[in-house]
Amino acid sequence: MTPFTYVEPGSVDEALAAFGEGTRWIAGGTNLIDLMKENVERPRRLVDLNRLALDRIEPSRDGGLMLGALARNAATAYDATVRRRYPLLSAALLAGASPQIRNMATNGGNLLQRTRCVYFYDTAAPCNKREPGAGCSATGGLTRQHAILGASEACIATHPSDMCVALAALEAVVHVQSHTGARAILFADFHRLPGEHPEQDNTLAPEELITHIELPPAAQYEVHSAYLKVRDRASYAFALVSVAAALDLDTQGRIRSARVALGGVAHKPWRVPEAEALLAGKAASAENFAEAAEVLLQGARSQGDNAFKLIMARRAIVRALETAAAGTAAHAEDPNDSPGRPDLKEHP
Ligand SMILES: Cc1cc2nc3c(=O)[nH]c(=O)nc-3n(C[C@H](O)[C@H](O)[C@H](O)COP(=O)(O)OP(=O)(O)OC[C@H]3O[C@@H](n4cnc5c(N)ncnc54)[C@H](O)[C@@H]3O)c2cc1C
Ligand code: SF4
């Protein structure tokens, strides 16, 4: 690990003032420290965000919810309001990592975790994301985890987050601050496709600090939602394919509106508004879900080892939508977690 200086500011203003050349923010450290140990990240200065008062989960002015960037993934997943009003997000969080990691990992850090492409972590292998212009070792290499949608010649990596797939479906908004002011970024615009610049995972400037993630009101999706994660092990494994599905059904069981986002298939959570529009006004049937899957996966292409994802994604989309329609998926649990947590909080 390369030597670095370390500061621990007590406020957002102090944190922004401490940011300079070669600086990285650090929150839970569950991704950044690994990258530093592997020499993928070599910051000259770490600005520790853990003393900032950004760990609250509070109602927003328009009836949604504001998730503090420093709230832990576990606290967010088990927050009583999140579980009741955004069960899709709770389920996605509990499908990620392990209880220990979720206790440290923060919401802001989750959005900015880097790809799990093995070549990105291997400093002996050329990687355009780590070193622009070096080449892509994954193309023609091991591609089991890689993208089937939205890839470029420069990079075929996927975004590994579960939380982000649910946030995409819930149309979250990311609030950020820098010394020039604050701005809000729609979740669809937050992560990038790789194009010719895979070194840029997202549209955030290095000096910008995520302060909150806003969940707009989504009462229509409270009952009929599901997060399906398909992976190599039942726990502690990244998604091969994941699906966040939410349906607003009328009293006849017809679809008023739908949201579907995919994980494990692209450089960012994958959403296709046309696929969701196609479901509006239709019956919640396997045939209609399969049609939506076709539209969602238009242009999907195998990279070799990951050809199985083409079929797996289609089946997972249909199954997630069927589970959402049945309304049986709320209150997901991770069997590795301790039940009956004492810190459940209810917000008005
Ligand atoms: C073994 C293992 C298994 C895992 N499995 C899964 C999984 O199945 N699913 C899944 O979704 N995730 C998984 N993860 C990833 C985990 O969720 C992330 O490592 C975690 O969410 C990152 O959060 P953090 O607070 O620790 O971020 P850090 O490691 O502290 O930071 C990560 C990045 O975010 C930046 N950052 C942090 N906070 C802010 C902020 N407020 N504003 C601006 N920049 C910020 C940092 O500068 C850094 O670049 C796994 C991790 C490990 C180690
Ligand atoms: S897929 Fe992307 S992250 Fe992986 S080696 Fe290629 S450029 Fe690097």
Side-chain angles (χ1 to χ4, degrees), residues 12 15-16 19 23-36 40-41 43 46-50 52 54-55 68-74 76 92-98 100-122 125-143 145-147 151-166 174-178 194 197-199 201-202 204-213 229 231 233 235-239 242 263-264 267 303 334:
V12 169
L16 294 174
F19 196 95
T23 301
R24 286 280 183 276
W25 311 115
I26 184 162
T30 60
N31 190 214
L32 184 60
I33 297 291
D34 280 356
L35 291 166
M36 288 169 66
V40 176
E41 286 274 7
L46 287 185
V47 177
D48 188 335
L49 304 177
N50 284 287
L52 307 191
L54 294 174
D55 60 348
L70 269 291
R72 306 288 158 179
N73 284 178
T76 307
L93 281 163
L94 292 176
S98 66
Q100 292 86 349
I101 291 168
R102 293 194 297 266
N103 281 340
M104 280 308 290
T106 63
N107 293 334
N110 194 312
L111 268 54
L112 296 176
Q113 61 176 293
R114 309 296 310 269
T115 183
R116 292 285 159 169
C117 172
V118 289
Y119 304 105
F120 176 69
Y121 276 77
D122 177 0
C127 169
N128 287 323
K129 187 179 277 299
R130 186 169 19 80
E131 194 187 334
C136 172
S137 299
T139 305
L142 300 170
T143 57
Q145 294 282 348
H146 288 72
S152 70
E153 295 224 335
C155 180
I156 58 172
T158 52
H159 194 270
S161 168
D162 291 294
M163 179 188 196
C164 291
V165 185
V174 185
H175 292 266
V176 307
Q177 210 167 319
S178 72
H197 290 285
E199 72 279 10
D201 290 350
N202 51 62
L204 205 64
E207 70 278 10
E208 282 183 313
L209 181 68
I210 301 175
T211 56
H212 297 90
I213 299 153
K229 178 175 180 179
R231 48 187 155 172
R233 288 184 302 268
S235 176
Y236 212 44
F238 289 91
S242 70
H267 199 257
Q303 302 291 344
D334 178 344

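Numbering of ligands and ligand atoms starts at 1, following listing order. Because only heavy atoms are used, hydrogens play no part in the values below, and waters and symmetry mates are left out as well, while side chains stay in.
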Exercise. Quick one: does Asp34 get an N or O within less than 3.5 Å of an N or O on ligand 1?
Worked result: no
Seminar exercise, completed: The closest protein heavy-atom partner of atom 2 (C) of ligand 1 is Ile101 CD1, 3.3 Å
Problem set entry | Separation between CG of Leu209 and CG of Leu54, rounded to the nearest 0.5 Å | 6.5 Å
For this session: State the CG-OG distance between Asn110 and Ser161, to the nearest 0.5 angstrom.
Result: 4.0 Å
Problem set entry | Contact partition for Ala237 relative to ligand 1, non-hydrogen atoms under 4.0 Å | backbone
Exercise. What about Met104: any of its N or O atoms under 3.5 Å from an N or O on ligand 1?
Worked result: no
Problem set entry | ligand 1 contact on Leu54 by region, counting heavy-atom pairs under 4.0 Å | neither
Exercise. Looking only at protein heavy atoms, which one is nearest to atom 15 (C) of ligand 1, and how far off is it?
Worked result: Gln113 OE1, 3.2 Å
Exercise. Counting heavy atoms only, which part of Cys164 comes closer than 4.0 Å to ligand 1: side chain, backbone, both or neither?
Worked result: neither
Seminar exercise, completed: Atoms of ligand 1 under 4.0 Å from any heavy atom of Gly96, numbered from 1 in the order shown, are 7 (C), 8 (O), 9 (N)
Seminar exercise, completed: If we number the atoms of ligand 1 from 1 as shown, the ones under 4.0 Å from a heavy atom of Asn73 are 21 (O)
Seminar exercise, completed: Scanning both residues in full, the closest heavy-atom pair of Lys229 with Ala95 reads NZ-O, 2.8 Å
Exercise. Parallel, tilted or perpendicular: which describes the rings of Trp25 and Phe19, with under 30° parallel and over 60° perpendicular?
Worked result: tilted
For this session: Any chance you could measure Leu111, atom CG, to Asp201, atom CG, to the nearest 0.5 Å?
Result: 11.5 Å
Exercise. So, are Asp55 and Arg72 salt-bridged, with charged N and O less than 4.0 Å apart?
Worked result: no
For this session: Considering non-hydrogen atoms only, spot the tightest contact between Pro160 and Arg116 and give its length.
Result: CB-CG, 3.9 Å
Problem set entry | Within-cut-off N or O pair, Leu204 and ligand 1, under 3.5 Å | no
Exercise. Do Ile26 and ligand 1 have an N or O pair less than 3.5 Å apart?
Worked result: no
Problem set entry | Minimum-distance protein heavy atom relative to atom 44 (N) of ligand 1 | Leu112 CD1, 3.0 Å
Exercise. Counting from 1, what ligand 2 atoms have a heavy atom of Asn128 closer than 4.0 Å?
Worked result: 7 (S), 8 (Fe)
Seminar exercise, completed: Residues Glu207 and Ser178: closest non-hydrogen pair is O-CB, 4.1 Å
For this session: For the pair Thr143 (side chain) and Gln303 (backbone), establish whether a donor and an acceptor sit closer than 3.5 Å, ignoring hydrogens and angles.
Result: yes
For this session: Can you sort out which atoms of ligand 2 are near Ala154, meaning under 4.0 Å from one of its heavy atoms?
Result: 7 (S)
Exercise. Is there a nitrogen or oxygen of Gly28 sitting under 3.5 Å from a nitrogen or oxygen of ligand 1?
Worked result: yes
Problem set entry | Under 3.5 Å: donor-acceptor pair, side chain of Arg102, backbone of Asn73 | no
Exercise. Is it the side chain, the backbone, both or neither of Glu207 that has a heavy atom closer than 4.0 Å to ligand 1?
Worked result: neither
Problem set entry | Identity and separation of the nearest protein heavy atom to atom 40 (C) of ligand 1 | Leu49 CD1, 3.6 Å
Exercise. Once you round to the nearest 0.5 Å, how far does CD of Glu199 lie from CD of Glu131?
Worked result: 11.0 Å
Problem set entry | ligand 1 N/O within reach of Glu41 N/O, cut-off under 3.5 Å | no
Problem set entry | Closest non-hydrogen atom pair, Ala239 against Asp162 | CB-OD1, 4.3 Å
Exercise. Is Lys229 touching ligand 1 with its side chain, its backbone, both, or neither, if touching means heavy atoms under 4.0 Å apart?
Worked result: side chain
Exercise. Going by the order shown, which atoms of ligand 1 are within less than 4.0 Å of some heavy atom of Tyr236?
Worked result: 1 (C)
Seminar exercise, completed: Rounded to the nearest 0.5 angstrom, the CE-OG distance for Met104 and Ser98 is 11.5 Å
Exercise. Where the side chain of Thr158 meets the backbone of Ala147, is there a donor-acceptor pair that is under 3.5 Å apart?
Worked result: no
Exercise. Where is the tightest heavy-atom contact between Leu52 and Val12, given as atom of each residue plus distance?
Worked result: CD2-N, 3.9 Å
Seminar exercise, completed: Here the atoms of ligand 1 under 4.0 Å from any heavy atom belonging to Thr106 are 23 (O), 24 (P), 25 (O)
Problem set entry | Derivation of the side chain to side chain contact (heavy atoms under 4.5 Å, CB included) call for Lys129 and Cys117 | CA-CA 10 Å; Lys129 187 179 277 299; Cys117 172; over 6 Å; no
Problem set entry | Element-labelled atoms of ligand 1 that are located less than 4.0 Å from some non-hydrogen atom of Leu32 | 29 (O)
Problem set entry | Top protein contact for atom 37 (C) of ligand 1, by heavy-atom distance | Gly109 CA, 3.6 Å
Exercise. Taking the side chain from Thr211 and the backbone from His175, do they hold a donor-acceptor pair closer than 3.5 Å?
Worked result: yes
Exercise. Between Cys117 and ligand 2, which residue portion shows a heavy-atom distance shorter than 4.0 Å: side chain, backbone, both, or neither?
Worked result: side chain
For this session: Using distance alone, decide if ligand 1 has a nitrogen or oxygen within less than 3.5 Å of any nitrogen or oxygen in Ala97.
Result: yes
Seminar exercise, completed: What one should report as the nearest heavy-atom pair of Met163 and Ile213 is CE-CD1, 4.5 Å
For this session: Report the nearest protein non-hydrogen atom to atom 51 (C) of ligand 1: residue, atom name, distance rounded to 0.1 Å.
Result: Arg116 NH2, 3.7 Å
Exercise. Please state which protein non-hydrogen atom is closest to atom 20 (C) of ligand 1 and give its distance, to 0.1 Å?
Worked result: Thr30 OG1, 3.2 Å
Exercise. Mind checking whether Leu112 and Ile210 have side chains closer than 4.5 Å, heavy atoms only?
Worked result: yes
Exercise. In terms of residue, atom name and distance, what is the protein heavy atom nearest to atom 1 (S) of ligand 2?
Worked result: Ile156 N, 3.3 Å
Problem set entry | Subset of ligand 2 atoms that lie under 4.0 Å from at least one heavy atom of Tyr119 | 5 (S)
For this session: Look at atom 2 (Fe) of ligand 2 and say which protein heavy atom is nearest, naming residue and atom and giving the distance to 0.1 Å.
Result: Cys155 SG, 2.4 Å
For this session: Give the numbers and elements of all ligand 1 atoms closer than 4.0 Å to a heavy atom of Asn110.
Result: 17 (O), 21 (O), 22 (C), 23 (O)
Seminar exercise, completed: If we number the atoms of ligand 1 from 1 as shown, the ones under 4.0 Å from a heavy atom of Asp162 are 7 (C), 8 (O), 9 (N), 10 (C), 11 (O)
Exercise. Who's the nearest protein heavy-atom neighbour of atom 48 (C) of ligand 1, and how far?
Worked result: Trp25 O, 4.1 Å
Problem set entry | Where ligand 2 meets Ser137 - atom numbers and elements under 4.0 angstrom, heavy-atom basis | 5 (S)
Report, one line per pair, each donor and acceptor closer than 3.5 Å where one atom sits in a side chain of residues 28-35; sequence neighbours left out.
residue : atom : partner : partner atom : Å
Asn31   : OD1  : Arg114  : N            : 2.9
Asn31   : ND2  : Tyr121  : OH           : 3.1

Exercise. Who's closest to atom 6 (Fe) of ligand 2 heavy-atom-wise, of Ala138, Cys127, Cys136?
Worked result: Cys136
